[in-house]
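Everything on this sheet refers to the single structure shown next.
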Amino acid sequence: MAEQRKNSLHNHLTSVKKGERIFENAFQGVSRMVLEGDIDKVMVNGKNTFDFRMFREGKKHIIGMYDEINSLVSFVKDASQGGSSKEMAFVLVGEPGNGKTFLVEYLCKMYRDFLSIPKNRKYTFRFVGLDKLGSYGNISTIESQTYEDPMVLAMNLHESSADSEKYLSQRYRVSDEILETWYDNYRPLGACSAYIWNNIREFTDGKLDDMLDFIEIVPVPMIESLGTVTGKYPAKDKITSSAVDLLGEESIQRLLHITDTNNPYRFDLRRGALARVAGGGIHFSDEIYKNKKDLVQVYLGIIQNRCIEIDGYKWPIDTLIVATSNNSEFNRFLAEKEEAPIVDRCRICYVSHNTNYVLQKDLTTYAIGNESKTTLTGDAMHQDPNLNYAASVGVVLSRLPRSEKLTPIETLKLAAGEVAGDKSLKTLSEVIDTLSQEHDITKRYGQKGLGQRNLGRSIQLMLESSETNEGKCMFAYDVFHAIERAILDYVSEANDRTKFLDDLKIAKGLYRERIMTEMFNAYMDEPLAIRKDVMNYVNMIIGIDAENLGADKMWKYKNPQTGELQALKIDERYINSVEDGLGLKTKEQKDSFRTSIRKIYGQKISVRPDYDFMDNLELVKAVTDVRLKSDIAGSGSLIGALANRTNEENQKLYDRMIETMLNKLGYCTTCAQKTIEYFCTQVDEN
């Protein structure tokens, strides 16, 4: 009996009813995978949004892209609940090198992992013993060409779907509720499966038990290189690409066996990319609008009808279609007005570059690579501790559009969720909203700039330079020359080139300020020296108005980070020097600045007790200047002392600082000396 076999349809139906196996469409599968994971709330550019934890897992995961991922998830969720999305494709449009393909491939990888869990596995069926029927020559087994789910066969066991429904309800005692959810995903059998099933019906005189002897249930293969479950179709050139690559074609080999010329099994659908993902998979069309017109027309039919059609035969498919395209191809496609119907059936999602320089640090790490580098002669290569910061700031600034409301540095800091003087996140979200009104996509926020590939090229240029190889160190300042080279060589528009080169100057200024802080830490022989002094200033201006302040100006307060009581002597001369360095002359200006600092302190400490004001660059710079000037007034200045090492005292200071940089701050001899040398010059001072 067919029912006794382990791989029988009866066993499969029983497992689905018990919940041991699952029957759902592609949208339901992907949406369940994402929504079963953890979901966090994050603030991005002044707006609250969701962050799906599953996109942040693994060694090389997705960085940023919050809005894009949200769009994708809500698109899939809408389709899984029968919304209009199920007749659409999801298309990511954006500049090259901003992570579109990476996002889709990551999604596909996660989906494969999800389906390899036994409960989530996809199954299909095959017909066996077909040689008994006589009209199939030597072909004895035929697998469903579109990997149809066994449940689809179960819902089409009888000639009318009403009979099949009645049979399932009586034979398996399935409740009306469960039956209804099964039939929500009802679709007819594909042309060849229906034809073969009909042949079997005629051969067995319609006895269902005998018919089921011809059926075997098998799991869908999950091998990535076969392109099953998740398949990719890259745009090819006009001559070599044809609809055959997507749909399949008539197979000469099969015609040698099949005597019945009407049999739709003579078409080999697995030659095309679609049939292999038709059983609840993801079809990824890379650069969809690069394809020639007739191929895009083929996509039009597939997206709308979810059906492979050849010569009037139909094979329904169950597939999530995701595509990518770059801006220029998409605009060219839009310009041809007759192509409107295809765009109409796509959910377009514009992908911007990452504009958060703190998140960019991870992307820069991807670009630099996590393996330890070596020089051309095979020696170990050191990485300057400031390299990542310099490269990240250099590329992120190029992605920020200019605006009258915010300076580039204010935009940079607000986009990373940091403090930017008296400017608030509200200003940034206003700027973004205004820019999103632009019809030209490339003028919108974060749409133009140096992408990840340009950053990769800059790192390559840096690695091949003789200076880097001779010094055996990737010195941070050299990355600016490399980025400049990449801008000159790879950015074609003159206006963009000019803007990017200006942005690079600003980035050099930020690097300069970071080096000032680093030098102070090296001088103080302590990695976090400057942080302590900044927090001292903040605590002093909070304590200066305290009621319990005695004549000795000692103030006791509870440290929110450690919870311990601490004493601090309030030094008004120090407070005034810092405020003079910030350019605050009058009492009103000073009071207003102190109030703003106290306000920030009040807001931040409740959420982040370890908040240290180090993102407030103006304050950090002022504190650094005050400390450098007061500590080294004897030797003129630290720059003077380090540049002029003719006397023994200055040489000792230089040696001690180099030692601190080597042992405590992660420098090597090359980048320590070069950094001090750079510090002693006056270049890039903002």
Side-chain angles (χ1 to χ4, degrees), residues 59-65 94-102 105 353-400 412 416 446 448-492 496-497 500-501 503-512 514-515 518 666-668 670-672 674-675 678 684:
K59 201 170 170 187
K60 195 171 180 183
H61 55 82
I62 291 166
I63 311 281
M65 298 185 95
E95 291 276 289
N98 63 4
K100 299 182 294 294
T101 305
F102 182 58
E105 286 180 342
H353 287 290
N354 170 44
T355 52
N356 179 334
Y357 82 93
V358 178
L359 290 178
Q360 180 63 34
K361 287 178 183 172
D362 293 333
L363 286 169
T364 305
T365 308
Y366 288 169
I368 296 170
N370 44 14
E371 269 86 62
S372 47
K373 298 265 188 282
T374 55
T375 63
L376 297 172
T377 51
D379 298 310
M381 173 88 76
H382 178 260
Q383 196 179 309
D384 183 333
N386 301 307
L387 170 69
N388 194 312
Y389 174 81
S392 300
V393 171
V395 290
V396 169
L397 275 165
S398 73
R399 299 166 185 172
L400 303 173
L412 178 80
K448 243 191 192 163
L450 296 172
Q452 193 64 358
R453 290 199 191 108
N454 283 324
L455 175 59
R457 283 189 196 111
S458 308
I459 302 291
Q460 289 162 15
L461 288 168
M462 195 175 158
L463 281 167
E464 69 190 34
S465 76
S466 55
E467 256 182 52
T468 305
N469 279 288
E470 281 167 20
K472 299 177 193 170
C473 172
M474 297 164 78
F475 174 50
Y477 192 68
D478 291 344
V479 84
F480 294 121
H481 300 306
I483 293 175
E484 190 176 340
R485 191 70 268 150
I487 293 170
L488 295 170
D489 291 354
Y490 295 101
V491 178
S492 48
D496 291 349
R497 267 202 307 277
F500 295 172
L501 292 170
D503 292 329
L504 208 54
K505 282 185 190 142
I506 299 169
K508 286 178 182 175
L510 288 171
Y511 170 71
R512 172 102 203 157
R514 186 181 173 100
I515 294 305
E518 288 281 298
Y667 289 80
C668 74
T670 309
C671 57
K674 282 186 173 179
T675 305
Y678 171 72
D684 305 320

Has the side chain of K373 got a donor or acceptor atom that lies under 3.5 Å from a matching backbone atom of I368? yes

In short, T670 meets C473 closest at the heavy-atom pair CB-CB, 3.9 Å

All N/O donor-acceptor pairs, side-chain side in residues 385-394, below 3.5 Å, sequence neighbours left out:
from: N386; atom 1: OD1; to: R514; atom 2: NE; distance (Å): 2.9
from: N386; atom 1: ND2; to: Y667; atom 2: OH; distance (Å): 2.9
from: N388; atom 1: OD1; to: S392; atom 2: OG; distance (Å): 3.0
from: N388; atom 1: ND2; to: K361; atom 2: O; distance (Å): 3.1
from: N388; atom 1: ND2; to: T365; atom 2: OG1; distance (Å): 3.2
from: S392; atom 1: OG; to: T364; atom 2: OG1; distance (Å): 2.9
from: S392; atom 1: OG; to: N388; atom 2: O; distance (Å): 2.8

Decide if the gap between the ring center of F480 and the ring center of Y511 is smaller than 6.0 angstrom. yes

With a 3.5 Å distance limit and no angle check, can you tell me whether H382 reaches the backbone of G666 through a side-chain donor-acceptor pair? yes

For H481, check ring pair (Phe, Tyr, Trp, His ring centres under 6.0 Å) against everything at least two apart and list the hits. Y477

Only distances under 3.5 Å count here; give the side-chain donor-acceptor pairs of residues 483-492 to other protein atoms, sequence neighbours excluded, each with its distance to 0.1 Å.
from: R485; atom 1: NE; to: D489; atom 2: OD2; distance (Å): 3.4
from: R485; atom 1: NH2; to: D489; atom 2: OD1; distance (Å): 3.2

Residues pairing under salt bridge (Lys or Arg N to Asp or Glu O under 4.0 Å) where one sits in residues 374-393, two or more places apart or in two chains, turn out to be D379-K472

Where R399 and Q452 come nearest, the two heavy atoms and their spacing: NH2-N, 4.1 Å

Applying side chain to side chain contact (heavy atoms under 4.5 Å, CB included), name anything that partners T101, two or more places apart in sequence or on another chain. E105, K232, F284, D286, T324

Side-chain donor-acceptor distances from residues 455-464 under 3.5 Å, at least two apart:
from: R457; atom 1: NH1; to: N454; atom 2: OD1; distance (Å): 2.6
from: S458; atom 1: OG; to: N454; atom 2: O; distance (Å): 2.8

Any idea which heavy atoms bring G94 and K100 closest together, and the distance? O-NZ, 3.2 Å

